[in-house]
Visitor: 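One structure follows; several queries about it will come next.
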Amino acid sequence: MRIAVVTGGTRGIGEAISLKLQEKGRTVIANYGGNDAAAKAFSDRTGIAVRKWDVGDHQGCLDACAAIEEEHGPIDILVNNAGITRDATMMKMTWDQWDEVIRIDLSGCFNMAKAVFPNMRTRGWGRIVNVGSVNGQGGQISQVNYAAAKSGIHGFTKSLAMEGAKYGVTANAIAPGYIATEMLATIPDVVMQKIVAQIPVGRLGLPEEIARGVEFLTSDNASFVTGSTLSINGGQHMY
Ligand code: NDP
């Protein structure tokens with residue numbers, strides 16, 4: 001049975017990914033960063049094991065993955081989904097807002113891949129999916145930190161894919177458009193209406209619609225797919 005680690009796997013898009021992988025017979029371990037109540041409720045509801053650590057903490061990621069491998073076995077699938085926003089215009093953004101988003105959204109992917117990639121390579125099979133964003137592809141006002149981190153994910157994914165290709169380890173990215181989760185809660189209604197007006201499908205996406213893409217990219221069926229970015233965004237931008 002394949003072992004899958006989903007970062008930020010207890011809420012929002014990550015919750016849907018954890019559930020989809022569980023439905024497909026994976027043993028899932030869902031990571032989270034601080035919301036113990038949400039994680040416990042998720043675990044009680046689904047039976048999925050949860051583990052708290054900060055994906056921005058390099059040693060913390062190495063230790064957590066080593067502990068998971070000891071308890072459950074080798075990690076076959078990594079979904080780097082954990083992410084935060086700290087929005088502000090360039091005029092107002094602080095160094096801390098910049099640094100926190102880069103540390104969690106971008107360095108978090110490196111930290112986790114560093115923990116699992118060597119063993120995947122040795123075993124000759126692995127699947128890594130990194131969750132980017134439509135705003136990493138197109139930029140967004142008040143998000144120089146987030147857009148930089150997310151577009152960094154796309155370059156990181158391609159380079160990792162090149163390094164893993166000969167060893168049966170694929171790395172792909174998913175670039176979600178606007179998806180109805182708590183992450184959007186801070187966006188004012190008037191701005192949300194303008195955003196939805198720019199989505200050809202005419203609505204926000206659902207977490208399950210991202211999870212289906214992750215399920216494909218982490219399956220045996222995706223063995224020839226690596227270094228790609230799957231845009232799931234209701235037609236927004238149409239790059
Ligand atoms: P949510 O805010 O709903 O959930 C975020 C998850 O990430 C939570 O489980 C949270 O844990 C976890 N997390 C946050 N910081 C850390 C950390 N330092 N270490 C470990 N876990 C952490 O986000 P979404 O589900 O909306 O977003 C998921 C991913 O999709 C993110 O990478 C986001 O950037 C991306 N995305 C989202 C879009 C959207 O419209 N929603 C659009 C494009 C991309 P806890 O519960 O403990 O806080």
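Keep in mind that what you see is a predicted model, and the values were worked out from it rather than measured. One-based numbering, in listed order, for ligands and for the atoms of each.
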Visitor: Would you mind writing out the side-chain donor-acceptor pairs for residues 185-194 within the sub-3.5 Å range, not counting sequence neighbours?
Guide:
none

Visitor: Taking only residues two or more places apart in sequence or in another chain, which ones pass salt bridge (charged side-chain N to carboxylate O under 4.0 Å, His left out) with Glu182?
Guide: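 Here the qualifying residues are Arg11.
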Visitor: Is any side-chain heavy atom of Val214 closer than 4.5 Å to one of Ile174?
Guide: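 Yes. Closest side-chain heavy atoms under 4.5 Å.
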Visitor: I need the full list of salt bridge (charged side-chain N to carboxylate O under 4.0 Å, His left out) pairs touching residues 31-51, with sequence neighbours left out, sorted by first then second residue.
Guide: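 Residue pairs with at least one partner in residues 31-51: Glu15-Arg45, Asp36-Lys52, Lys40-Asp44, Arg51-Glu71.
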Visitor: Nearest 0.5 Å please: distance from the CG atom of Leu217 over to the CG atom of Asn172.
Guide: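 So the CG of Leu217 and the CG of Asn172 are separated by 5.0 Å.
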Visitor: For Ile141, does the CD1 atom have more than 12 heavy-atom neighbours from other residues, nucleotides or ligands under 6.0 Å away?
Guide: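 No - once you tally the heavy atoms of other residues, nucleotides and ligands closer than 6.0 Å, there are 12 at most.
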Visitor: Which protein residues have a heavy atom under 4.0 Å from ligand 1?
Guide: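 Answer by chain and number: Gly8, Thr10, Arg11, Gly12, Ile13, Asn31, Tyr32, Gly33, Gly34, Asn35, Trp53, Asp54, Val55, Asn81, Ala82, Gly83, Ile84, Ile104, Val131, Gly132, Ser133, Tyr146, Lys150, Pro176, Gly177, Tyr178, Ile179, Thr181, Met183, Leu184.
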